[in-house]
Amino acid sequence: MTDYQDLGIRPLVNAFATVTKYGGSLMPPEVLRAMNEAAGSFVDLAQLQRRVGDRIARLTRNQAAYVTSGAAAGIELAAAAAVLHKHPEALKRFPDIADFKDEAILFRGQRNPYDYSIQAVGLTYVEIAGSPDNFRAAINERTACVVWFPRGQANTDDISLAQVIAIADEQEIPVIVDAAAQLPPVDNLWRFTEMGAAIALFSGGKDLRGPQSSGLMLGRRDLIDSIRPISNPNHGLGRPFKVGKEELMGALAAVERYLKLDHAARAQYCEDTVRLFCETLNPLAGVCAERAFPNEAGQPLPWCRVTVDAAVLGKTADELAQAFLDHEPGIAVSPLNEAQFHLNPMTLNPGEELIVRDACLKLMG
Ligand SMILES: *Cc1c(COP(=O)(O)O)cnc(C)c1O
């Protein structure tokens with residue numbers, strides 16, 4: 001069997017985050033077992049999607065659940081659902097939906113590259129500077145949905161999710177929450193939908209540590225049921241986002257594991273690791289390390305912010321990030337700017353913090 005080494009691919013230590021470009025996250029043994037088991041027999045796929053969805057819905061206190069091939073696919077399917085649950089005749093029309101509700105309201109401070117998934121369905125963006133008055137004024141008979149991207153403290157819009165939901169509810173407009181990376185905390189699996197969001201989307205391949213090509217769509221049954229006719233194994237807009245029996249069972253195992261996980265112990269590991277990095281780095285000339293909280297994705301976990309003086313070290317933060325990648329083993333750190341990068345403990349396997357510490361001493365000592 002050909003492995004990474006045979007292909008000239010160097011496995012990396014991930015001190016960056018659950019980023020797709022470095023492989024997202026690693027599947028724990030229970031997820032791998034579930035996928036392996038699922039791979040052993042044929043099943044009725046539509047029935048399996050329903051049963052897995054019902055189980056995940058019950059576990060996550062949601063009305064319904066659907067396993068997607070990732071959060072980005074989930075955004076696209078949720079946007080389609082926002083049209084379909086009112087206009088089932090749009091089924092074979094995507095992305096040509098000008099005859100139906102075809103606008104999605106987005107907030108200026110939350111725009112991000114995943115918005116493209118909304119446009120791909122045929123919806124037109126209506127971008128507003130978030131405030132209750134602007135939001136009310138933007139709603140009209142063409143409005144299909146509003147998409148909310150929780151950015152934690154980075155939110156610059158002058159409107160809260162609770163306000164958005166209250167106003168959208170008056171007009172029966174579904175609120176879609178792109179919560180792809182909003183785990184932990186684990187209770188986000190039900191928090192957004194219990195607040196009244198119609199749909200919340202999560203990556204299966206980030207902190208849930210399910211299959212890389214999986215995601216969760218949680219929320220209203222009518223919306224979720226509306227996309228079944230256009231989704232795998234049926235044909236239409238959702239067919240390219242195929243989810244197999246292995247991803248379905250792997251995603252379920254990942255959710256079961258995540259709900260039982262000792263999140264306090266995990267947070268403690270992150271605290272201890274950040275302290276180790278700070279204690280290692282701060283004595284070094286031209287280096288300042290500090291605990292930052294929450295991390296960039298707004299997850300309630302600490303990470304280590306490293307500020308370097310290029311005049312002393314002879315390297316900028318960007319050059320150091322490259323040096324970490326070139327190190328043996330390669331280490332991915334999270335670059336911020338010319339002078340700063342982050343070391344993120346959340347994607348380290350226990351023990352790897354020592355590899356990162358040793359690399360810090362070698363490259364910056
Ligand atoms: C990661 C991410 C996505 C995409 O998730 P996938 O599961 O990789 O498709 C979408 N939106 C946001 C905000 C993300 O952070």
Side-chain angles (χ1 to χ4, degrees), residues 14 16-27 31 56 60 65-81 104 106-121 123 125 127 130 145-157 161 164 175-185 188-189 191-192 197 199-219 227 231-232 237-238 240-244 246-248 250-252 254-255 258 294-301 303 332 334 342 344 346-347:
N14 184 355
F16 190 143
T18 54
V19 287
T20 297
K21 72 171 178 171
Y22 291 130
S25 59
L26 302 180
M27 288 183 282
V31 174
I56 291 177
T60 62
Y66 192 87
V67 177
T68 66
S69 60
I75 298 166
E76 197 156 331
L77 290 172
L106 306 179
F107 298 101
R108 190 157 297 158
Q110 303 179 359
R111 295 302 308 274
N112 69 80
Y114 296 103
D115 294 342
Y116 180 77
S117 299
I118 303 159
Q119 186 182 347
V121 171
L123 291 165
Y125 307 131
E127 180 188 294
C145 60
V146 47
V147 181
W148 180 267
F149 170 38
R151 298 211 52 186
Q153 292 170 340
N155 190 9
T156 53
D157 288 296
L161 176 59
V164 167
V175 177
I176 297 168
V177 176
D178 173 6
Q182 304 322 121
L183 295 174
N188 275 352
L189 287 169
R191 191 170 75 86
F192 300 116
I199 294 285
L201 302 157
F202 296 89
S203 277
K206 291 183 179 168
D207 203 49
L208 269 177
R209 296 177 64 183
Q212 264 311 285
S213 305
S214 73
L216 304 178
M217 183 171 173
L218 306 177
I227 55 143
S231 287
N232 178 55
L237 183 83
F241 309 131
K242 177 165 162 175
V243 176
E246 299 82 4
E247 284 82 21
L248 281 160
L252 173 57
V255 170
Y258 204 70
N295 64 21
E296 190 199 16
Q299 296 146 340
L301 292 174
W303 62 346
S334 175
H342 286 98
N344 193 343
M346 78 178 281
T347 36

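Atoms within a ligand are numbered from 1 in the order they appear, just like the ligands themselves. Given the structure is predicted, the values throughout are model-derived calculations rather than measurements. Residue indices begin at 1 and follow the sequence shown.
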Tell me the protein heavy atom at minimum distance from [atom], and give that distance in Å.
| atom | result |
| --- | --- |
| atom 9 (O) of ligand 1 | Ala72 N, 2.9 Å |
| atom 5 (O) of ligand 1 | Ser203 OG, 2.9 Å |
| atom 11 (N) of ligand 1 | Asp178 OD2, 2.7 Å |

For ligand 1 and [X], I'd like to know whether there is a polar contact (N/O to N/O, distance under 3.5 Å).
| X | answer |
| --- | --- |
| Ser214 | no |
| Ala71 | yes |
| Gly204 | no |
| Tyr114 | no |

Main chain of [Y], side chain of [X]: is a donor-acceptor contact present, judged purely on distance under 3.5 Å?
| X | Y | result |
| --- | --- | --- |
| Asn188 | Leu183 | no |
| Tyr114 | Asp178 | no |
| Glu76 | Gly238 | no |
| Glu247 | Thr68 | no |
| Asn112 | Gln110 | yes |
| Ser25 | Gly205 | yes |

Checklist entry - Taking the minimum heavy-atom distance to atom 13 (C) of ligand 1, which of Phe149, Phe202, Phe241 ranks first? => result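 Answer by nearest heavy atom: Phe149.
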
Next on the checklist: Quick test of your reading of the structure: of Lys206, Gln182, Gln212, Gln110, whose heavy atom lies closest to atom 15 (O) of ligand 1?
Outcome noted: Lys206

Checklist entry - What orientation do Trp303 and His342 show, parallel under 30°, tilted 30 to 60°, or perpendicular over 60°? => result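 Parallel.
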
Next on the checklist: So, applying side-chain contact (heavy atoms from CB on, under 4.5 Å) with Val177, which one of Leu161, Ile199, Val147, Val146 is it?
Outcome noted: Leu161

Next on the checklist: Please confirm whether Thr20 approaches ligand 1 to less than 4.0 Å, judged on its heavy atoms.
Outcome noted: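 For ligand 1, residue contact (heavy atoms, under 4.0 Å) with Thr20 is present.
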
Checklist entry - Taking only heavy atoms of Gly70, which atoms of ligand 1 are found under 4.0 Å from at least one of them? => result 7 (O), 9 (O)

